[in-house]
Amino acid sequence: MCGIVGAVGAELDLVSIFEGLRRLEYRGYDSAGVAIIHHGELEVAKASVARESMGVLADWLTAQPFTTGQVMVGHTRWPTHGAPTLANTHPHLDCTGDIAVVHNGIIENFRELRQALLERGHVFRSETDSEVIAHLLEEALRDGGRPADALGAVFSQLIGHMSIVVALRSYPGLLLGVRRTSPLLAASNAQQSFFASDAPAFLSLADQFYEVPEEVVVVLGEGVEGDGGVALATLEPLAIEWSSQDAVLDGFASYYEMELHQSPEAFYDTVSALMTLDHEAVVDQLLIDSYELRRVRKVVIIGCGTSYHAGLVGRYLVEHLARIPVEVDVASEYRYRDPILDADTLVVGISQSGESLETITALRECMASGARTIAITNVIGSQLSRVADAVLYTRAGPEISVASTKTHLAQIGALGMLAIYLGELKGVLYPEESKRRRQELLAMTELLRMTVQRQESWRAGMAEYLHRERFFFIGRNLLYPVAMEGALKMKELSYIAAEAYPAGELKHGPIAMLDEQAVVVALLGKDRLHEKMLSNLEEVRARGAKLVVVAVDGDTSPTDLADTILRVPQSDALWSPLLMVLPLQVLAGWMAQIRGYDLDKPRNLAKTVTVE
Ligand code: F6R
């Protein structure tokens, strides 16, 4: 949440550093700002015109007489303290105007710190918690201390999870960074070094990335050895597999559409990396001993939003394929439930970004109770991957659009592979059966490719519902989480009231809401609940609501009931969530487009949520 960049080096090309910041816009886009040190001057520019802030800043930058600088820091904001106004936009300065700070996270004790600073005569210009850092640094540097020591002393006073980057006019060859839980990477090329919240910022500029350790001040720049803190050379290199091309719009109008299109490849890369050509499990990523996994008596899956929905699908997969009881919960709830865990519990934390604070903290608490943990994440070296005992990476490439698409499918793929492996270890699946299941899962790639090609036919059927304002998504068994994901996509992209229910639950209350204005989107699998689902469709029909049915090819049973049928290919019912979610993702995106909304940057949201 909030994107941070920093760069230091001779003759920095400011436009390319700014482009790095632009690539982090998915982290927050209510306002944005930069501070630049050039020829001994500290220049600050800010914009707070919601999704247009980057454009305004880009215009400002190109209008400047200078094109290079020694230091640049930048920030794109998702507000926590204070409205998205210019005053609250980062970078924040101290009273002298010489210290520029960008910050991501929350300072929980900022009220006390701010009050004390006000009493000592400091003047605040914003309502943010972040501004206290600049004023505290002003005091810490006043006595002539070294910059890194000063930032270290300030950081030790701040309570909360955060990352900070600081530029100082009096030290134009230096850039300082420090973090606690929140992400911050360092990167470099032959002449320059960088900080960024996430790798896509500098994929095209840097040739090496490094982990910024927690709680230590990292100093970038020339001759930093004498400045205290930790220099780049001592950091652990990070293997980033993404290329700069991965994050570039490839002829698509939005990342959402591009990433939806990339789903089959994201799924294939994830699943194939976890098996040999002969469909045996590849478990070198899974650092938990097979003996311990055999002992597992309960699996707990936690995540937020779309990742949580993948976890709900995972429950059915693990219970069916491994016959182990599974609990699934949203991370922010699970942590405070006083959960019952022991060494025979396996906890799986799912997070595309690997940064969702609630998933990280919940996983940490599970570890403290003795449970073994696995992270499923898309970001190598992310916080979640470091906290967990083991990691299964989804290999979806960078996902820029705020609303997840391809990573959701990759998460289900990783969960499927985990379920098969557990089934094999537990002796529920014979080796030949588990190989067959893996082969079957991998073969879903081709069906996904076929399904993605059907977008136009789905759109044709949906035209008459574009101006409806009330949607209900229903499904049964492992299609119920798919209904939940469909409703979430509809809400976050089109801002339309959409609710999801298990189809059998409709008659216990929600059916009272159905009338001619409501649209019910029903997921009709060709599975053992098919007949029961048809009865639910009859109930909807009888209340006059419009009925859209997602059904598999060749299933003629909904023909007389549905107003519209969206077709997906036939598959094993166990893997059908992979296919059935696609029309729902397309539908939500299309509704948003028709209404003129930004598909990649829905209002009030950010791609990574690093606050509780
Ligand atoms: C919805 C969406 C969010 C995220 C949620 C968790 O499309 O993207 O609901 O799924 O914020 O994020 P991660 O997976 O990064 O932990």
Side-chain angles (χ1 to χ4, degrees), residues 1-3 24 26-29 78 161 181-183 197-198 200 254-257 259-260 263 266 270 301-314 328-335 348-363 375-385 387-388 391-394 396 398-412 414-415 473 481-482 484-495 498 500 581-582 584-589 592 597-612:
M1 208 146 235
C2 298
L24 297 189
Y26 65 85
R27 304 178 68 89
Y29 31 79
W78 186 87
H161 304 280
T181 318
S182 299
S197 307
D198 202 356
S254 68
Y255 283 105
Y256 185 79
E257 290 158 281
E259 288 160 1
L260 201 151
S263 295
T270 301
I301 306 180
I302 48 178
C304 313
T306 293
S307 297
Y308 165 63
H309 295 157
L312 287 170
V313 175
V328 192
D329 210 341
V330 286
S332 54
E333 285 299 314
Y334 190 71
R335 184 179 168 194
V348 183
I350 312 180
S351 170
Q352 175 280 130
S353 60
E355 284 180 34
S356 288
L357 188 65
E358 289 145 331
T359 310
I360 295 168
T361 45
L363 206 79
I376 295 183
T377 178
N378 198 42
V379 180
I380 294 178
S382 59
Q383 199 61 31
L384 192 72
S385 72
V387 167
V391 193
L392 289 183
Y393 281 111
T394 50
E399 192 177 66
I400 308 289
S401 169
V402 164
S404 288
T405 49
K406 61 177 178 174
T407 55
H408 180 62
L409 296 171
Q411 288 168 343
I412 297 175
L415 283 163
F473 291 77
V482 179
M484 293 170 81
E485 180 58 11
L488 176 64
K489 283 286 159 293
M490 187 68 97
K491 281 180 274 215
E492 66 180 331
L493 291 176
S494 332
Y495 320 145
V581 76
L582 281 162
L584 308 191
Q585 292 173 339
V586 170
L587 171 63
Y597 300 142
D598 187 329
L599 271 189
D600 290 335
K601 289 176 261 171
R603 71 180 177 212
N604 302 338
L605 296 180
K607 181 79 180 155
T608 57
V609 184
T610 53
V611 295
E612 269 198 88

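None of these values were measured; they are calculated from a predicted model. Every number for a ligand or one of its atoms is a count from 1 in the order of the listing.
Remark: ligand 1 and T359 share no N or O pair separated by less than 3.5 Å (distance only, no angle test). In terms of N/O distances under 3.5 Å, ligand 1 is not approached by Q411.
The backbone N or O of Q352 sits nowhere less than 3.5 Å from a side-chain atom of E399 that would complete a donor-acceptor pair. Between the side chain of Y495 and the backbone N or O of R603 there is at least one donor-acceptor pair closer than 3.5 Å. Looking at Q383, its side chain never comes within 3.5 Å of a backbone N or O of P183 through a donor-acceptor pair.
Residue contacts with ligand 1: K489 is included, with a non-hydrogen atom under 4.0 Å away.
Each of the atoms 7 (O) of ligand 1 lies under 4.0 Å from some heavy atom of A403. Interface atoms of ligand 1 facing G305, defined by a heavy-atom separation under 4.0 Å, are 9 (O), 10 (O). Below 4.0 Å from some heavy atom of S356 lie the following atoms of ligand 1, by number and element: 6 (C), 12 (O), 13 (P), 15 (O), 16 (O). Close approach of ligand 1 to S351 (heavy-atom distance below 4.0 Å) involves ligand atoms 13 (P), 14 (O), 15 (O), 16 (O). Less than 4.0 angstrom separates some heavy atom of S307 from each of these atoms of ligand 1: 10 (O), 13 (P), 14 (O).
H408 pairs by the side chain to side chain donor-acceptor pair (under 3.5 Å) definition with nothing, not counting sequence neighbours. Scored by the side chain to side chain donor-acceptor pair (under 3.5 Å) test, K489 finds T306, E485, E492 as partners (sequence neighbours excluded).
Heavy atoms of V402 found under 4.0 angstrom from ligand 1 belong exclusively to the backbone.
You'll find the side chain of I302 reaches within 4.5 Å of the side chain of L363, heavy atoms only. Side-chain contact between Q585 and Y256 is present, with heavy atoms from C-beta onward closer than 4.5 Å.
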